[in-house]
Colleague: 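Pasting a structure below so you can have a look.
Every chain is numbered from 1, with letters handed out A, B, ... down the list of sequences. On a predicted model such as this, the values are computed, not experimentally measured, just so you know.
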Amino acid sequence: MTIKITLPDGSVREYPKGSTSMEVALSISEGLARNVLAANLNGTTVDSSLPIHADSKLELLTWNDTDGKSTFWHSSAHLLAEALESLYPGTKFGIGPAIETGFYYDVDFGEVEFNQDHFKKLEDKILELARLKSEFKRQSVSKLDAIDYFNTKGDEYKLDLLQNLEDGKITFYTQGNFTDLCRGPHIPNTGFIKAVKIMNIAGAYWRGDEKNKMLTRLYAVTFPKQKELDDYLVLLEEAKKRDHRKLGKELDLFYFDEEVGMGLPLWAPKGEALRQNLIEFLKKIQRKAGYQHVASPHIGKKELYITSGHYAKYGQDAYQPIRTPDENEEFFLKPMNCPHHCKIYAAKLKSYKDLPVKYAEFGTVYRYEQHGELHGLTRVRGFTQDDAHIYCRPDQLKEEFLKVVDLVNLVYSKLGFSEFKTQISLRDPNNKEKYLGTDQMWDLAEKAIVEATQERGMKTTTKEGEAAFYGPKLDFMVRDAIGRKWQIGTIQVDYMMPENFDLTYIGSDNQKHRPVMIHRALFGSMERFIALLIENTGGQFPLWLAPVKAIILPISDKFDDYAKKVADQLSDILDVPIELDLRNEKIGRKIRDAEISKIPYMLVVGEKEQNEETIQVRKKHEGDLGSQTVDEFIAMFSEEVKV
RNA sequence: GCUGUUGUAGCUCAGGGGUAGAGCACUUCCUUGGUAAGGAAGAGGUCGGCAGUUCAAUUCUGCUCAACAGCUCCA
């Protein structure tokens, strides 16, 4: 009896029934077999030792495959557990999955105090066990036997896990002296693991529920070669240098102050210059796209948020209300701009011919975020949204939605964000009471989003239960320097708020109609976007964004007057920030400091330049560009500074 | 909010039961120097805050505030 195995390149080979993926690999080449970690059999990742009994599609997985890596890391988690059990007998185990980079294991150390000082010992033990090349052996067990095993061992977390598992589908994996409840698959043996680094230790609730006991989560990463671990650690160091919190301080962009309050960023002149450059850029693009800019106050009466629905949903979690001394009215710091914009819409009667109406505001909002959640500029308590609300007729919804999608793509491409992900967030179909509005409204809104993204051929992931309480949304996410994903842009369809505020327009039939509303932000918030921009550029901003565009460096104080004259000329014509370094320092020092400050142009002036009425242009990172007249520089600069 | 780690000069950090140290930055002076750190001197700190133990606390203990990592949450 033979079976036909189809490989990814389309070739078909015949093998005896019951052959394993490893045997297939061996038949192709010994080198391949040495690197096989697991296999993808008809779309499912399986052990390379699993016998194949029918014609199948087979892909051999190595370290170069995502699934191969995650199998490797998952097996490493088992090895970590084995090492822990051997070093600290009595340790109880929660779950130990592979994650994007590496893996973790949640463990209960009981009385043992485990901290960073133990990392080295643990790493050594893991490598020691790895060298034994213990095979990962799979074994099916009955639920009763499984319960019996962990009862004897006294591992309550595994028993808890077992409760949700179906009898007959339970498997154990054993390597060396360690047996774990696991569905697999695993790498052939522990010998593949050649390098390990315990990265981090943190608390994590059992099953992610804060009512449960907090376990110790050990984050670690392993590699098949020491060199790869070393490279990875270097990469991490590089990423740390791009951290916006570090660069923000170094480049003098923004600060936090305990006395001002946590999560409340202070923008220094250079940071604000950067912010304004971005705001001007967006305003221009938005005006072109038919948006009108509006402005609204930072507080609003409680009644406004009762009408909008925000109070019922988030009133308790917001900042405490501000009370007037006489009228005893309650005001809230605004958490969103939409209620105010709805009021602007309602202020004047609209005709169907007026729609779509697009109000944009760089509106500063305040939200009470849990303090453990605050992080640099990416999650703060006071921030400025590049917010806009589009009020349109239902028949315009899809077109308007598409226009916003196109606008997001345009803006991100100009800023060099190419690696963003898009996610559609829909209502949780099993928990509809969490949301406002009728089923019909939701169906219409969700359909509009799905169709629009399909029309643009966008690769999106869809998540149920992640929608805003008033409507479904399309989010744009990018990664920061250390790989965390953050939502930036968002487009949300809302039938509810026009209803709540009784917004109308007069149709061609001379009757009142209800507009649809689109909430949208391209950057999300200026703060978060700038954080990600800093991390993505490493602080090397393009000329048009740079807070300081050029610095004039006189060779000595004999040329200060000429330097000032040049500075005045440039500022007058270019209308951009130009600095002047009049310190009593040598030119080498001035250049070094300007390079570190990441100022795009350094203009050196000395005796030669003064006599010839020129400047010597030096570009950051690139070095000397030679002498130019001021006019020549202005022409070159003006061309480059265009977005 | 929860768990853990951390908090010393403007910044980065060392130290440690007997009232503090480095580098950079800052101030003054010397130097007038042509492409990534010229030299000297000086000033600067209630060792996050509050309490406790002690003859003595920046160091030990407790509480508190903040930052960091993760968990939970997320408009």
Side-chain angles (χ1 to χ4, degrees), chain A residues 99 104 106 113-117 199-219 240 243 245-246 249-250 252 255-263 305 308-311 313-315 317-318 334-339 365-376 379 381 383 385 387 425 466-471 473 482 484 486-487 490 492 494 519 521 524-525 553-560 583-597 602-609 616-627:
Chain A
I99 51 178
Y104 67 80
D106 284 346
E113 285 223 11
F114 187 89
N115 60 42
Q116 300 186 0
D117 301 336
M199 300 302 292
N200 206 351
I201 179 169
Y205 301 108
W206 172 237
R207 288 182 175 280
D209 186 337
E210 56 186 315
K211 288 187 221 64
N212 287 337
K213 184 167 180 186
M214 183 165 278
L215 306 181
T216 305
R217 176 170 295 180
L218 287 173
Y219 286 90
K240 268 191 204 155
D243 191 314
R245 293 166 299 183
K246 184 175 150 66
K249 221 180 275 179
E250 283 173 8
D252 198 18
Y255 300 94
F256 288 93
D257 182 274
E258 245 182 73
E259 204 170 349
V260 171
M262 51 180 159
Y305 301 109
S308 71
H310 289 110
Y311 183 76
K313 192 83 184 166
Y314 300 108
D317 299 328
K334 74 173 172 190
M336 297 187 105
N337 303 299
C338 33
V365 297
Y366 300 89
R367 301 179 183 179
Y368 180 79
E369 299 285 354
Q370 290 187 14
H371 98 258
E373 196 46 51
L374 300 173
H375 178 90
R379 183 163 244 110
R381 285 179 169 175
F383 56 97
Q385 294 181 309
D387 208 0
S425 297
E466 299 262 310
F469 71 94
Y470 50 75
K473 55 179 184 167
I482 46 177
R484 274 185 291 217
W486 296 96
Q487 177 201 315
T490 181
Q492 313 181 355
D494 184 359
H519 306 243
S525 84
L553 312 176
I555 295 287
S556 83
D557 56 16
K558 281 190 277 189
F559 313 107
D560 282 3
R583 291 177 306 164
N584 180 9
E585 294 290 351
K586 290 191 180 177
I587 192 65
R589 178 54 182 277
K590 290 183 181 182
I591 285 171
R592 178 185 151 82
D593 288 348
E595 286 278 356
I596 288 171
S597 308
M602 284 153 262
L603 310 175
V604 179
V605 294
E607 190 172 8
K608 180 168 164 281
E609 287 74 19
Q616 196 246 289
V617 181
R618 186 190 160 98
K619 199 166 185 180
K620 174 188 68 173
H621 254 24
E622 292 173 27
D624 192 357
L625 298 186
S627 287

Colleague: Reading RNA chain B 5' to 3', what string of ( ), [ ], | and . shows its pairs, if Watson-Crick and G-U wobble pairs count only when both distances fall under 3.5 Å?
Modeller: (((((((..((((....[..)))).(((((.......))))).....(((((..]....))))))))))))....
Colleague: Considering only the P atoms, how many Å lie between B/G7 and B/G15, rounded to the nearest integer?
Modeller: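 Here B/G7 and B/G15 have their P atoms 10 Å from each other.
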Colleague: Grab the CD-P distance between A/Q487 and B/A75 for me, whole Å please.
Modeller: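 The answer, rounded to whole Å, is 9 Å.
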Colleague: Mind listing the closest non-hydrogen atom pair of A/K240 and A/K246 along with its distance?
Modeller: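 In this case the closest contact between A/K240 and A/K246 is O-CD, 3.7 Å.
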Colleague: Quote, to the nearest angstrom, the P distance that separates B/U27 from B/G44.
Modeller: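 It works out to 15 Å between them.
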Colleague: Rounded to whole angstrom, note down the C1' distance from B/G33 over to B/A69.
Modeller: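 Those two atoms are separated by 48 Å.
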Colleague: Do A/R381's NZ or CZ and the ring of A/Y368 fall within the cation-pi criteria of under 6.0 Å and 45°?
Modeller: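 Yes, a cation-pi geometry.
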Colleague: Rounded to whole angstroms, how far apart are NZ on A/K558 and P on B/G34?
Modeller: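 In whole Å, B/G34 P and A/K558 NZ are 10 Å from each other.
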Colleague: Return the value, rounded to whole Å, for the distance between atom NZ of A/K590 and atom C1' of B/U31.
Modeller: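 Nearest whole value for this atom pair: 13 Å.
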Colleague: Taking atom P of B/A75 as reference, at what distance in whole Å does atom CG of A/D494 sit?
Modeller: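 Result: 14 Å.
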Colleague: So, using side-chain contact (heavy atoms from CB on, under 4.5 Å) as the criterion, who are the partners of A/S627 when residues are at least two apart?
Modeller: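 By the side-chain contact (heavy atoms from CB on, under 4.5 Å) rule, A/S627 matches A/K608, A/E609, A/T614, A/Q616.
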Colleague: Rounded to whole Å, how long is the line connecting atom CG of A/D243 with atom P of B/A67?
Modeller: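 To the nearest whole Å, that distance equals 15 Å.
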Colleague: Who are the side-chain contact (heavy atoms from CB on, under 4.5 Å) partners of A/D257, not counting sequence neighbours?
Modeller: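 Per chain and number, A/D257 pairs via side-chain contact (heavy atoms from CB on, under 4.5 Å) with A/E259, A/V260, A/L266.
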Colleague: May I ask you to say what A/I587 touches in the nucleic acid, namely base, sugar-phosphate or nothing, with a heavy-atom cut-off under 4.0 Å?
Modeller: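 Result for A/I587 = sugar-phosphate.
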Colleague: Between B/A67, B/C73, B/G33, which nucleotide gets closest to the side-chain atoms of A/N584?
Modeller: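 Comparing B/A67, B/C73, B/G33 against the side chain of A/N584, the answer is B/G33.
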Colleague: Which whole number of Å gives the distance between the P atom of B/C24 and that of B/U32?
Modeller: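 Rounded to whole Å, the distance is 23 Å.
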Colleague: Quantified in whole Å, what is the P atom distance between nucleotide B/A25 and nucleotide B/G1?
Modeller: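 Roughly 40 Å separates the two P atoms.
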Colleague: Tell me which nucleotide among B/C71, B/A37, B/A67 gets nearest to the side chain of A/R592.
Modeller: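 It is B/A37.
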Colleague: Tell me which nucleotide among B/G33, B/C74, B/U72 gets nearest to the side chain of A/E373.
Modeller: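 Of the candidates, B/U72 comes closest.
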Colleague: Reading RNA chain B from 5' onward, which residue's closest nucleotide shows up sooner: A/V605 or A/K249?
Modeller: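 Comparing both residues, the 5'-ward one is A/K249.
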Colleague: Tell me which of A/Q385 and A/G588 sits closer to the 5' end of RNA chain B, going by the nucleotide each one is nearest to.
Modeller: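 Its nucleotide being nearer the 5' end, the pick is A/G588.
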Colleague: I want to verify a distance call: between B/C71, B/G38, B/A36, whose nearest atom is closest to the A/I591 side chain?
Modeller: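 Looking only at side-chain atoms, A/I591 lies closest to B/A36.
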Colleague: For A/D252 and B/G10, what is the distance between atoms CG and P respectively, to the nearest whole Å?
Modeller: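 Answer to the nearest Å: 16 Å.
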Colleague: Are side-chain heavy atoms of A/V605 and A/P554 found at a separation under 4.5 Å?
Modeller: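 With C-beta onward as the side chain, the pair touches.
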Colleague: Of all the choices, B/U72, B/A69, B/C71, which nucleotide is nearest to the side chain of A/R245 once you look at every atom?
Modeller: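 Looking only at heavy atoms from C-beta outward on A/R245, the closest nucleotide is B/A69.
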Colleague: Have a look at A/E607 and say if it touches a base, only the backbone sugar-phosphate, or nothing, with a 4.0 Å heavy-atom cut-off.
Modeller: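 Base, at least one base atom sits under 4.0 Å.
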Colleague: In whole Å, what separates the P atom of B/C13 from that of B/U31?
Modeller: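 About 38 Å, rounded to a whole number of Å.
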Colleague: Rounding to an integer number of angstrom, what distance separates B/U58 and B/U19 when you compare their C1' atoms?
Modeller: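 8 Å, rounded to whole Å.
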Colleague: Side chains of A/R618 and A/E595: closer than 4.5 Å at any heavy-atom pair?
Modeller: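 Of all side-chain heavy-atom pairs linking A/E595 with A/R618, at least one is under 4.5 Å.
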Colleague: Any N or O donor-acceptor pair linking the side chain of A/E609 to the base of B/G34 at under 3.5 Å?
Modeller: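 Yes, a donor-acceptor pair under 3.5 Å.
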Colleague: Nearest to the side chain of A/K586, heavy atoms from C-beta on, is which of B/G38, B/G70, B/A36?
Modeller: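 The closest nucleotide is B/G38.
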Colleague: Is the side chain of A/K558 donor-acceptor paired with the backbone N or O of A/E607 at a distance under 3.5 Å, no angle test?
Modeller: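 It does not hold such a pair.
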Colleague: Under 4.0 Å between any heavy atoms, over every strand shown, what does A/D624 touch: base, sugar-phosphate, or nothing? Just pick one.
Modeller: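 Since no nucleic acid heavy atom lies under 4.0 Å of A/D624, the category is nothing.
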Colleague: Would you say B/A69 has OP1 or OP2 under 4.0 Å from some side-chain N or O of A/H375?
Modeller: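 Yes, such a contact exists.
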Colleague: Counting C-beta onward and ignoring hydrogens, is there a side-chain heavy-atom pair between A/D593 and A/E585 closer than 4.5 Å?
Modeller: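 They are not in contact (no side-chain heavy atoms under 4.5 Å apart), so the answer is no.
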Colleague: Parallel, tilted or perpendicular: which fits the ring planes of A/H310 and A/Y305, with parallel below 30° and perpendicular above 60°?
Modeller: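 Answer is perpendicular, since the angle exceeds 60°.
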Colleague: Base, sugar-phosphate, or nothing for A/G376, non-hydrogen atoms under 4.0 angstrom?
Modeller: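 Answer is sugar-phosphate: A/G376 comes under 4.0 Å of backbone atoms only.
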Colleague: Of the nucleotides B/U72, B/G70, B/C65, which has the atom closest to the A/E258 side chain?
Modeller: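 Ranking B/U72, B/G70, B/C65 by closest atom to the A/E258 side chain puts B/C65 first.
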Colleague: Choose from B/C65, B/A25, B/U31 the nucleotide whose nearest atom is closest to any side-chain atom of A/R589.
Modeller: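 Shortest atom-to-atom distance from the side chain points to B/A25.
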Colleague: Is it the case that the base of B/A36 and the side chain of A/E595 share a donor-acceptor contact (distance under 3.5 Å, atom types as modelled)?
Modeller: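 In this structure, the two groups form a donor-acceptor pair.
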Colleague: Among the nucleotides B/C71, B/G33, B/C74, which one has an atom lying closest to any side-chain atom of A/I555?
Modeller: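 Given the options B/C71, B/G33, B/C74, the side chain of A/I555 is closest to B/G33.
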Colleague: Confirm from the modelled atom types if A/Y205 and B/G1 form a donor-acceptor pair under 3.5 Å, side chain to base only.
Modeller: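 By the distance-only test, yes, there is a pair.
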Colleague: Does A/Y311 have a side-chain nitrogen or oxygen under 4.0 Å from the phosphate oxygens OP1 or OP2 of B/A75?
Modeller: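 Looking at the OP1 and OP2 atoms of B/A75, neither is under 4.0 Å from any side-chain N or O of A/Y311.
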Colleague: Taking atom P in both B/G21 and B/A43, compute the distance separating them and give it to the nearest angstrom.
Modeller: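 13 Å, rounded to whole Å.
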Colleague: Counting only heavy atoms not in A/E250, do more than 12 fall under 6.0 Å of its CD?
Modeller: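 Above 12, so yes.
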Colleague: Looking at every strand, decide which applies to A/Y219 at a 4.0 Å heavy-atom threshold: base, sugar-phosphate, or nothing.
Modeller: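 Sugar-phosphate contact only - A/Y219 comes under 4.0 Å of backbone atoms but never of a base.
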Colleague: Indicate, with a heavy-atom threshold strictly under 4.0 Å, whether A/R217 touches base, sugar-phosphate, or nothing.
Modeller: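 A/R217: backbone/sugar contact only, no base atoms under 4.0 Å.
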